[in-house]
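Remarks on the structure that follows.
Both backbone and side-chain heavy atoms feed into the values below; hydrogens, waters and symmetry mates do not. The structure displayed is predicted, hence computed values, not measured ones.
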Amino acid sequence: MYYVEKRITISAAHNLHLSYCKSEELNEDGMVTDFTHIKRIVKETFDHKYINEVLDVNPSSENIARWICDHVENCYKVSVKESEGNIATYER
C-alpha cells in the first residue's frame, strides 16, 4: 500500500491540513494522487470564500473534512485544523 499526504493552508474560515490518499496501485504517472490535483480542488472550493455559502451543510471542521475526502481521488482520511489544538479528522 502506498500513502501520500498533502498539507495546505488557505485564507478562509479554517486552516486545512490534508489529505491522506492511498492506493494499492500507482497511476500511470507513478503516483497515488497528484498533489496539484488536491491543491486545486481545495483552493478553488475554499480559498478566500465564506464557507457557509460553499457547503450545503453546517461548515464544521468535521463536515469540511468529509467534503474534501469525498471530492479528492483515492482520499481516505482528512484532518482539518480549525485552530491550534482543535483538529477534526474524517476517515473513510
For the residue pair [X] and [Y], establish whether any side-chain heavy-atom pair is separated by less than 4.5 Å.
X     : Y     : answer
Leu55 : Trp67 : yes
Ile41 : Ile68 : no
Asp70 : Cys75 : no

Distance from [X] atom [atom1] to [Y] atom [atom2], nearest 0.5 Å?
X     : Y     : atom1 : atom2 : answer
Thr36 : Lys43 : OG1   : NZ    : 13.0 Å
Lys22 : Arg92 : NZ    : CZ    : 10.0 Å
Asn74 : Asp34 : CG    : CG    : 12.0 Å
His71 : Arg66 : NE2   : CZ    : 11.0 Å

Search all heavy atoms of [X] against all heavy atoms of [Y] and return the closest pair with its distance.
X     : Y     : value
Cys69 : Tyr76 : SG-C, 3.5 Å
Ser61 : Ala88 : CB-CB, 3.6 Å
Ile87 : Ser79 : CG2-CB, 3.9 Å
Ile51 : Pro59 : CG2-CB, 3.5 Å

Does Phe46 belong to the same Ile/Leu/Val/Met/Phe/Trp/Tyr cluster as Val72, with side-chain heavy atoms less than 4.5 Å apart forming each link?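 Yes, it is one cluster - the side chains of Phe46 and Val72 are joined through contacts under 4.5 Å.
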same_hphob_cluster(Val54, Val57) at 4.5 Å side-chain heavy-atom cutoff: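 Yes; tracing contacts between hydrophobic side chains, which count when under 4.5 Å, links both residues.
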Before giving the answer on side chain to side chain contact (heavy atoms under 4.5 Å, CB included), spell out for Lys81 and Asn86 the whole-Å C-alpha distance, their side-chain angles and the decisive distance to 0.1 Å. CA-CA 6 Å; Lys81 180 180 175 183; Asn86 296 319; over 6 Å; no
Checking Val42 against Asp47 for the side chain to side chain contact (heavy atoms under 4.5 Å, CB included) test, could you report, in this order, the C-alpha distance in whole Å, the side-chain angles of both residues, the deciding distance, and whether it holds? CA-CA 7 Å; Val42 173; Asp47 195 27; over 6 Å; no
If only atom types and distance count, is the side chain of Asp29 paired as donor or acceptor with the main-chain N or O of Met31 below 3.5 Å?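 Between the backbone of Met31 and the side chain of Asp29 there is no qualifying donor-acceptor contact (under 3.5 Å).
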Exam field: side chain Lys49 to backbone Glu44, donor-acceptor pair closer than 3.5 Å: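 Yes.
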With no hydrogens and no angle check, do the side chains of Asn58 and Ser60 hold a donor and an acceptor under 3.5 Å apart?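 No pair is found: no donor N or O on one side chain lies under 3.5 Å from an acceptor on the other.
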How about Glu73 and Thr33: does a side-chain donor come under 3.5 Å of a side-chain acceptor?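 No pair is found: no donor N or O on one side chain lies under 3.5 Å from an acceptor on the other.
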